[in-house]
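Sharing a structure here in structure tokens format.
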Amino acid sequence: MRFLRSVILALVAVQAAACAPQIGDSCSSASNCSINGDRLCDIAQPGGYCTVFDCEPDRCPDDSVCVRFNPQPARRAIVACMRRCESSGDCRQDDGYRCVGPDDLAEMDLDVEVRDTDVQRFCVAVDAE
């Protein structure tokens, strides 16, 4: 009986972890992003955006990248983990998110710096017009 109870508890724990919110998921409060308080909800983004602010290079959770928006002057920069992507299909397109890189945003007169060395594209809300 104890063995069966242990197996059931292990399966519930695995299932709960698989449903944990990811960077870039929609949210309306920080509790939607993490019960541990290690992720916040950026409600300024369409549909909310689960993220970690003030990230360090190569320190974001899996499937995300550290991005610095408006890097100059440094005191005005916003640094946050953003969802990694290869195409816009990896992003919340219905909420206006697209897979972009720094060059794409530079064409829109937006200044960003990807702080991770191996990833250059991430999901961000962009005006489609």
Side-chain angles (χ1 to χ4, degrees):
M1 190 66 156
R2 281 186 182 178
F3 175 74
L4 181 58
R5 183 180 296 162
S6 296
V7 169
I8 291 172
L9 288 174
L11 288 173
V12 169
V14 167
Q15 199 169 32
C19 297
Q22 302 290 317
I23 298 296
D25 284 355
S26 62
C27 57
S28 58
S29 70
S31 62
N32 296 141
C33 300
S34 172
I35 59 172
N36 299 324
D38 57 346
R39 297 178 187 180
L40 299 173
C41 179
D42 182 355
I43 58 171
Q45 302 306 311
Y49 195 99
C50 289
T51 190
V52 174
F53 288 107
D54 299 324
C55 56
E56 294 292 327
D58 300 312
R59 299 281 185 193
C60 286
D62 290 344
D63 298 327
S64 62
V65 58
C66 187
V67 178
R68 184 178 204 156
F69 295 89
N70 303 320
Q72 298 300 325
R75 72 182 190 295
R76 296 185 62 193
I78 297 170
V79 184
C81 294
M82 305 296 289
R83 182 183 301 237
R84 293 178 190 213
C85 58
E86 292 186 25
S87 71
S88 290
D90 298 333
C91 305
R92 294 172 22 221
Q93 290 181 296
D94 292 342
D95 288 333
Y97 291 87
R98 303 291 179 263
C99 185
V100 299
D103 292 340
D104 301 316
L105 294 175
E107 290 176 9
M108 295 180 226
D109 291 327
L110 298 172
D111 193 14
V112 300
E113 170 187 297
V114 176
R115 301 187 77 204
D116 291 356
T117 56
D118 63 338
V119 178
Q120 290 295 311
R121 299 183 63 77
F122 53 94
C123 297
V124 69
V126 294
D127 189 7
E129 295 179 28

(message) Would Cys91 and Cys123 count as a disulfide pair, i.e. SG atoms separated by less than 2.5 Å?
(response) yes
(request) Kindly say whether Asp90 contributes a backbone atom to a donor-acceptor pair with the side chain of Tyr97 at under 3.5 angstrom? (result) no
(request) Would you check, one step at a time, whether the test side chain to side chain contact (heavy atoms under 4.5 Å, CB included) holds for Leu105 with Val126? (result) CA-CA 9 Å; Leu105 294 175; Val126 294; 4.1 Å; yes
(message) Is Cys33 disulfide-linked to Cys50, taking SG-SG under 2.5 Å as the test?
(response) yes
(request) Of all the heavy-atom pairs spanning Ala80 and Phe53, show the shortest one and how long it is. (result) CB-CD2, 4.0 Å
(message) I'd like to check the side chain to side chain donor-acceptor pair (under 3.5 Å) partners of Arg84; sequence neighbours left out, ordered by chain and number.
(response) none
(message) Looking at every heavy atom in both Asp95 and Pro46, which two are closest together, and how far apart are they?
(response) O-CB, 3.4 Å
(message) What's the separation between atom CG in Asp103 and atom CZ in Arg121, rounded to the nearest 0.5 Å?
(response) 9.5 Å
(request) Heavy atoms only: give me the nearest Arg115-Glu56 pair and the separation to one decimal. (result) NH1-CA, 4.4 Å
(message) Quick check against the 3.5 Å criterion: does Arg92 have a side-chain atom that pairs as donor or acceptor with the backbone of Gly24?
(response) yes
(request) Kindly give the heavy-atom pair with the smallest separation between Gln93 and Ser88, and that separation in Å. (result) CG-O, 3.1 Å
(message) On a heavy-atom basis, which atom in Leu40 and which in Ala30 lie closest, and how many Å separate them?
(response) CD2-CB, 4.0 Å
(message) Between Arg39 (side chain only) and Ser34 (backbone N and O only), is there a donor and an acceptor less than 3.5 Å apart?
(response) no
(message) Counting only heavy atoms not in Ile43 (residues, nucleotides, ligands), do more than 12 fall under 6.0 Å from its CD1?
(response) no
(request) Identify the heavy atoms of Ile23 and Thr51 that sit nearest to each other, and give their distance. (result) CD1-CA, 3.7 Å
(message) Run the disulfide (SG to SG under 2.5 Å) test on Cys81 and Cys55 for me, step by step, so that the C-alpha distance in whole Å, both residues' side-chain angles and the decisive distance to 0.1 Å come before the verdict.
(response) CA-CA 6 Å; Cys81 294; Cys55 56; 4.0 Å; no
(message) Is there a continuous path of hydrophobic side-chain contacts, each under 4.5 Å between heavy atoms, that joins Val114 to Val79?
(response) no
(request) State whether the number of non-hydrogen atoms from other residues, nucleotides or ligands found under 6.0 Å of Asp38 atom CG is greater than 12. (result) yes
(message) For the pair Cys41/Cys27, is the SG to SG distance below 2.5 Å?
(response) yes
Side-chain atoms of residues 59-77: list all donor-acceptor pairs with protein atoms under 3.5 Å, sequence neighbours left out, distances to 0.1 Å.
| from | atom 1 | to | atom 2 | distance (Å) |
| --- | --- | --- | --- | --- |
| Ser64 | OG | Pro61 | O | 2.5 |

